[in-house]
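Both ligands and their constituent atoms are indexed starting at 1 by order of listing. All heavy atoms count here, side chains included; hydrogens, waters and symmetry mates do not.
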Amino acid sequence: MDHVFIEGLEIETLIGIYDWERRIRQPLVFDIEMAFDNRIPAASDAIADTLNYKAVSKRVVEYVSQSDFGLVETLAERVAQIILTEFGVQRVRLKLSKPGAVRGARAVGVMIERSAS
Ligand SMILES: Nc1nc2c(c(=O)[nH]1)N=C([C@H](O)[C@@H](O)CO)CN2
């Protein structure tokens, strides 16, 4: 299966379960893989025939930067649903990393894979 991907998309937002986290903004990093048949846009060489990674990135930044969830799990699910429903993607794999949240770890977070129903 072919994919359009977005790697290392860093977005600052309000996220976390602790009181001190409710008062600051923290960086999150998104790695996103979206199933998409590469042969369709390759046949026409037209941006209209592809899954536009710039448009998806813009929408994810807009949503995440205005969100204020406690858990990374909740945010990951919401972003995956936006990609499936608003961009007509059949399957999305999403890794949400919270760098610096745990001392000694480069990042922690979740990885999910969801399909359009
Ligand atoms: N599975 C999760 N574990 C934890 C989360 C989370 O969102 N999902 N969040 C926290 C805190 O907000 C943490 O990131 C602060 O350092 C702890 N565990």
Novice: Check L14 against R25 and note the closest heavy-atom contact, atom names and distance.
Specialist: N-NH1, 4.2 Å

Novice: Got an N/O contact under 3.5 Å between L71 and ligand 1?
Specialist: no

Novice: Count the heavy atoms belonging to other residues, nucleotides or ligands that lie under 6.0 Å from OH of Y53, then report whether that count exceeds 12.
Specialist: no

Novice: Between W20 and ligand 1, is there a nitrogen or oxygen pair with a distance under 3.5 Å?
Specialist: no

Novice: Below 4.0 angstrom from a heavy atom of E21, which ligand 1 atoms are there? Numbered from 1 as shown, please.
Specialist: 11 (C), 12 (O), 13 (C), 14 (O), 15 (C)

Novice: What residue and atom, counting heavy atoms only, is the protein's closest point to atom 18 (N) of ligand 1, and at what distance?
Specialist: I17 CD1, 4.8 Å

Novice: Would you give the length of the straight line joining atom OG of S117 to atom CG of L84, rounded to the nearest 0.5 angstrom?
Specialist: 8.5 Å

Novice: Tell me whether I112 shares a hydrophobic cluster with V92, the cluster being built from Ile, Leu, Val, Met, Phe, Trp, Tyr side chains joined at under 4.5 Å.
Specialist: yes

Novice: Does an N or O from Y18, backbone or side chain, lie closer than 3.5 Å to an N or O of ligand 1?
Specialist: no

Novice: Under 4.0 Å from atom 6 (C) of ligand 1, do we find at least one protein heavy atom?
Specialist: yes

Novice: Count the heavy atoms belonging to other residues, nucleotides or ligands that lie under 6.0 Å from CD of E7, then report whether that count exceeds 12.
Specialist: no

Novice: Out of E73, K98, R103, whose heavy atom is nearest to atom 8 (N) of ligand 1?
Specialist: E73

Novice: Checking side-chain polar atoms at under 3.5 Å, does E21 have a donor or acceptor matched by the opposite partner on Q26?
Specialist: yes

Novice: Applying side-chain contact (heavy atoms from CB on, under 4.5 Å) between L9 and each of V61, V64, V29, report the one that passes.
Specialist: V61

Novice: May I ask you to check if ligand 1 and G16 share an N or O to N or O distance below 3.5 Å?
Specialist: no

Novice: Does atom 16 (O) of ligand 1 have any protein heavy atom closer than 4.0 Å?
Specialist: yes

